Amino acid sequence: MASTHKSEINIDIELDENRVPEKLQWTAKDGGVENEETKALLLSVWDSKNKESLRIDLWTKDMPVDEMKIFFHQTLVSMSDTFHRATQDEKMSATMKDFCDYFAEKLELNKK
């Protein structure tokens, strides 16, 4: 029997008195990340029993709006790449990339 490896990703969240995130840190030791601070995170998991995605979207109160726009754009681009790798659907992947370009244009992200 082959041995298996277990890997962990940990997220630590410090909240203020109103339960609003003030500080986010994450650790993924297998990836060489330990207690790295971040300003935002988007986490999605698939509930196959109920056929729905569940998610946690968090950002600190000091996350700048201009950085949030860039974060969303980069997340959308990476989701289109992941969609292509998972499905090999060239046509929809290209459509998703077109939307990413449109998103960046409307937010004027390419001018920075």
Side-chain angles (χ1 to χ4, degrees):
M1 181 186 291
S3 65
T4 60
H5 176 78
K6 185 175 181 178
S7 184
E8 289 187 12
I9 299 171
N10 296 301
I11 301 167
D12 293 312
I13 306 157
E14 290 183 27
L15 305 171
D16 70 8
E17 65 278 355
N18 297 313
R19 301 181 58 88
V20 175
E22 285 192 321
K23 190 174 184 181
L24 300 170
Q25 288 182 307
W26 68 292
T27 298
K29 289 184 181 178
D30 283 356
V33 177
E34 190 153 356
N35 293 323
E36 287 291 323
E37 192 167 337
T38 186
K39 299 283 184 195
L41 70 87
L42 305 173
L43 175 66
S44 296
V45 296
W46 179 246
D47 177 349
S48 61
K49 180 180 175 188
N50 294 312
K51 302 287 187 246
E52 64 183 355
S53 66
L54 307 172
R55 49 175 234 270
I56 299 171
D57 304 329
L58 296 173
W59 58 93
T60 60
K61 32 180 152 175
D62 64 339
M63 173 69 171
V65 172
D66 61 329
E67 288 183 22
M68 182 63 91
K69 291 176 181 180
I70 295 167
F71 176 54
F72 264 81
H73 177 256
Q74 291 178 1
T75 300
L76 291 168
V77 170
S78 66
M79 287 175 65
S80 65
D81 292 339
T82 301
F83 180 82
H84 182 260
R85 280 196 319 275
T87 66
Q88 299 302 307
D89 187 329
E90 300 280 345
K91 187 174 181 181
M92 185 52 68
S93 298
T95 300
M96 292 171 72
K97 290 282 187 175
D98 288 343
F99 174 75
C100 292
D101 291 343
Y102 174 79
F103 186 91
E105 178 186 328
K106 290 299 179 185
L107 291 178
E108 299 180 342
L109 296 181
N110 296 332
K111 294 182 180 182
K112 295 180 180 181

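The shown structure was predicted, so the numbers you read here are calculated from the model rather than taken from an experiment. Residues take their numbers from the sequence shown, with the count starting at 1.
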| remark: When rounded to the nearest 0.5 Å, the distance separating CG of Asn110 from CD of Glu105 is 8.0 Å
| request: State yes or no: do Trp59 and Ile70 share one hydrophobic cluster built from I, L, V, M, F, W and Y residues joined by side-chain heavy-atom distances below 4.5 Å, directly or via other members? | output: yes
| Donor-acceptor contact below 3.5 Å, side chain Glu108 vs main chain Ala104 | no
| task | Would you check if Thr38 and Trp26 make a side-chain contact, meaning some heavy-atom pair closer than 4.5 Å? | result | yes
| said: Walk me through whether Asn35 and Asp12 qualify under side-chain contact (heavy atoms from CB on, under 4.5 Å). | reply: CA-CA 8 Å; Asn35 293 323; Asp12 293 312; 4.3 Å; yes
| said: With a 4.5 Å cut-off on side-chain heavy-atom distances among I, L, V, M, F, W and Y, is there a chain of contacts connecting Met79 to Phe83? | reply: no
| query | Sequence neighbours excluded, which residues qualify as salt bridge (Lys or Arg N to Asp or Glu O under 4.0 Å) partners of Asp57? | reply | Arg55
| task | Please name the pair of heavy atoms, one in Glu22 and one in Thr60, separated by the smallest distance, quoted to 0.1 Å. | result | O-CG2, 3.6 Å
| So, do Phe71 and Met63 sit near enough that their side-chain heavy atoms are less than 4.5 Å apart? | yes
| field | Heavy-atom pair with the smallest gap, counting every atom of Ser80 and Cys100 | value | OG-SG, 4.5 Å
| Note, Lys97 side chain near Asp81 side chain (heavy atom, < 4.5 Å) | yes
| request: Keeping the roles fixed (side chain from Asn18, backbone from Val20), state whether a donor-acceptor pair exists under 3.5 Å. | output: no
| field | Beyond-backbone contact of Thr82 with Arg85, side-chain heavy atoms, under 4.5 angstrom | value | yes
| Would you say Leu24 and Phe72 are hydrophobically clustered, going by side-chain heavy atoms of ILVMFWY under 4.5 Å? | no
| If you round to the nearest 0.5 Å, how far is OG1 of Thr87 from NZ of Lys91? | 13.5 Å
| query | Any side-chain heavy atom of Glu37 sitting closer than 4.5 Å to one from Lys23? | reply | yes
| said: Restricting to non-hydrogen atoms, name the atom on Lys69 and the atom on Leu109 that form the minimum distance, rounded to 0.1 Å. | reply: O-CD1, 4.0 Å
| task | Kindly compute the distance separating CD (Glu67) from CD (Gln74), expressed to the nearest 0.5 Å. | result | 10.0 Å
| field | Hphob cluster co-occupancy, Ile11 + Leu58, side-chain heavy atoms under 4.5 angstrom | value | yes
| request: Please round to the nearest 0.5 Å and tell me the distance separating atom CG of Asp101 and atom NE2 of His73. | output: 6.5 Å
| query | How long is the span from the OG atom in Ser78 to the CG atom in Leu76, to the nearest 0.5 Å? | reply | 8.0 Å
| ILVMFWY cluster, Tyr102 and Met68 together (side-chain gap under 4.5 Å) | yes
| field | Within 6.0 Å of CD1 in Ile56, more than 12 heavy atoms from elsewhere | value | no
| Sub-4.5 Å side-chain heavy-atom contact between Phe99 and Thr95 | no
| So does Leu15 have more than 12 non-hydrogen atoms from other groups sitting under 6.0 Å from CG? | yes
| request: Of all the heavy-atom pairs spanning Lys61 and Asp16, show the shortest one and how long it is. | output: NZ-OD2, 2.6 Å
| message | Given 3.5 Å as the limit, does a donor-acceptor pair link the side chain of Lys51 with the main chain of Ser48, or not? | response | yes
| task | First locate atom NZ of Lys29, then atom OG of Ser7, and finally report the distance between them rounded to the nearest 0.5 Å. | result | 11.0 Å
